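Written out below as structure tokens is the structure these notes cover.
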Amino acid sequence: MPNTQELYDARIKRVADAVQLIEPDRIPIVPVFQAFPVYYMNKWTIQDLMKDYHKCTEVYDHLYDHFQPDLGWDPILFYPVNYMETTGINWFRWPGKHFDNSNVMYQYIEGEYMKGDEYPEAIRDMTKFMMNKWIPRSFSKLSGLAKVDFRNSMWFGHMGAFAAFSDPEVQESFKALFKAGQELMDWFIYLGEYQAHMKEKYGIPPLYAGFAYAPFDMIGDSLRGTKEILMDMYDHPDELLELIEVATDFAIQDTIAGSSGKATPYVWYWLHKGVDDFMSKAQFEKFYWPSLRRYITAVADAGLTPVIYVEGSYNHRLEYLSEVPKGKVVYDFEYIDMAAAKKALGGHSCIMGNVPAYTLSYGSKQDTIDCVKSLIDTCAPGGGYILDTGTMIDDAKPENIEAMFETVYTYGKR
Amino acid sequence: MILEELAIAVETGDMKKVQALIPQGLADGVDPQDLLDKGLLAGMAALGARFKAGEVFVPEVLIAARALNAGTVLLKDKLVAGQSVSKGKVVIATVSGDLHDIGKNLVLMMLESTGFEVIDLGVDVPVEAVVEAVRENKPDILAMSALLTTTMAFQKDIVEALKVAGLRDGLKIMIGGAPVTQDFCDNIGADSYSPDAPGAADAALALLS
Ligand code: B12
């Protein structure tokens, strides 16, 4: 029986081999679990975990007692309610506050936090726009930031600019920020401790060094909303492109600074709005891909490994995906023909995916085994494959998750 | 001529053009019903066909829908009730706990442009509210959308609740959404599944034929 350090090293190598297109000792398995660990243990609710993240230790230990993936989630998906309340975040609904059911996942809801006619403002001075408009609109307890403008402190103006801090609304907002900052830091420390624990007790390396988004999605998800940004391609095409460039520049800096030197090199990019249905190839080529490619390439060149988590169907995008550094990027697919993906990316980039959520939640054990075997048959030859579920896993049948792991452990061996 | 222009304006999502053409048409004495059917809806139907063929995508449908809505607003008081010939009445909803509405809205647009009258209950619609809406509106078809594995089970609950309420007979039920499959449709006792919006319109026609 290897000790946990040996297991840890073997797992790191197994995944790294797959990324570098070397056939590993067995197919790595890295499922993206969302609420599943909570439902599986069935002791605490999602509300409980969001209220007291220390309870996550028990829930994730229970998960890893039964399943040992090659990279593992720490409990980062269970956002602490205290910081959300402190800032008054408007982006989410969560159990206990908005839902009576205490055991449903919190949910992201879109808002138009930047109006269509505000592109020029955001392009000219992103920081000012974020501070005076976007933050107050996004966080109800930070409304006072609307009144702060440091640009006015130049020369004699400092008197007026700093006097804004006498305003009770401004003071309340900054107090809230101090408090939220501490709450977040305490949580980050907890997550770091859980990662160390995961390594020590199970020999499982952490899944991520950081998280990233396609620049188009940063604007679509957080500033404009899905429908709005899709129409912006017609209503504000040049401004949209310009703001994407601004966002790409700071995203690259931020990701490289924030994700380097961690235990694993994996930076997960969550892609939303470039899927087949959402735009034509011409639109993808113009609005979505160039900035994303630049972002992926810069991060890969900095020695990190982008893992591109493609939410939705990407059958018509495959031809573009090899335009990134070879053997340094992973594509994790949800709805795609994996044989076509293998054909397009084999020998170039590692692919990952895609046991359907439907099979795991509603299929039989045998359906799951068949699906995993067929994925391995299709994707494993020649290396460059990691097994994952198609979507984030919430209410899957435990026996199917078991079958998925077992099949990878046995059938996935070289 | 103006009807053709109007149709093209909708098809290309040119809202300003639509807003100019409708008053012009009304002033010229064109029948408001024609402006709607042969202008606005004809444009949407043409776009629907191109969407089905994979020539246009969601953004084009969104701007066309925006143009269409701008036009129907201007026609609202002018139309005589009951003059439209509808292919059937549909109630549509995204089920409880689910806020994804883009797919549902596409289905809605395709149904409308195919000639169905559609009542939209919106998103996050509780089981009882769907049952109530069926009781009240007596639709030919109930269409439900679910994008999450955790919410698709509500489609089943709704089918069951409709049975209990004695409303299942004579009602056709269509379901869809990314995780939904034909298999699931068969299992829960719904009548039809379709993987995309144009398919949904075809399926609706088939259900009522
Ligand atoms: C855009 C998107 C969002 C947007 C939604 C914006 C909006 N106004 O709808 C935002 C960012 C808000 C969002 C939020 C969330 N999302 Co989301 N989202 C997506 C994404 C990327 C695309 C969905 C979409 O609009 N596709 C385009 C449309 C056109 O396709 P469609 O909806 O499938 O519809 C077509 C067909 O299915 C069919 N159809 C649809 N309805 C019907 C109905 C009938 C009757 C018929 C016949 C046909 C039919 O026709 C349509 C047109 O062709 C999907 C990925 C995916 N694979 O679907 C994830 C996805 C659905 N989301 C997911 C999750 C987890 C969430 C969140 C819970 C995340 C969070 N923790 O906050 C929240 C939940 C919000 C909520 N309560 O619903 C997961 C679900 C995983 C699971 N286990 O089920 C997915 C699959 C992403 C993933 N890979 O993990 N999401």
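Small disclaimer: the values here were computed from a predicted structure and weren't measured. The sequence lines fix the lettering, A, B, ..., with proteins before strands; numbering per chain opens at 1.
Sparse packing is recorded around NZ of B:Lys156, with 12 or fewer heavy atoms of other residues, nucleotides or ligands lying under 6.0 Å away. Few gaps surround CD on B:Gln24; more than 12 heavy atoms of other groups in view lie less than 6.0 Å from it.
If you measure heavy-atom distances from B:Asp196 to chain A, you find no contacts under 4.5 Å at all. The part of B:Ile102 that comes within reach of chain A is its side chain, from C-beta onward, which places non-hydrogen atoms under 4.5 angstrom from that chain. With a 4.5 angstrom heavy-atom cutoff, B:Leu62 touches chain A via backbone and side-chain atoms both. Neither the backbone nor the side chain of A:Phe99 has a heavy atom closer than 4.5 Å to any heavy atom of chain B.
A donor-acceptor contact closer than 3.5 angstrom links the side chains of B:Thr149 and A:Asp395.
Side-chain contact check for B:Leu99 versus A:Ile109: some heavy-atom pair is nearer than 4.5 Å. Using a 4.5 Å cut-off on side-chain heavy atoms (C-beta onward), B:Asp98 and A:Gln107 make no contact. Counting heavy atoms from C-beta on, the side chains of A:Lys227 and B:Asn105 come closer than 4.5 Å. With contacts defined as side-chain heavy-atom distances shorter than 4.5 Å, the pair B:Asp124/A:Arg93 qualifies.
Taking chain B as the reference chain and counting heavy-atom pairs below 4.5 Å, the highest number among A:Met233, A:Glu110, A:Met231 is found for A:Met231.
Of all residues in residues 274-288 of chain A, those placing a non-hydrogen atom less than 4.5 angstrom from a non-hydrogen atom of chain B are A:Asp276, A:Asp277, A:Phe278, A:Met279, A:Ser280, A:Gln283.
Separation of atoms CD1 (B:Ile63) and CG (A:Asp232) is listed at 11.5 Å; rounding is to 0.5 Å. For the atom pair CG (A:Asp235) and CZ (B:Arg66), the distance works out to 4.0 Å, reported to the nearest 0.5 Å.
When all heavy atoms are compared, the tightest approach of B:Pro59 to A:Leu230 is CB-O, 3.6 Å.
Put simply, the side chain of A:Tyr358 gets close to the backbone of B:Phe184: a donor and an acceptor are under 3.5 Å apart. A:Tyr362 places no side-chain N or O within 3.5 Å of a backbone atom of B:Val180 that could act as its donor or acceptor partner.
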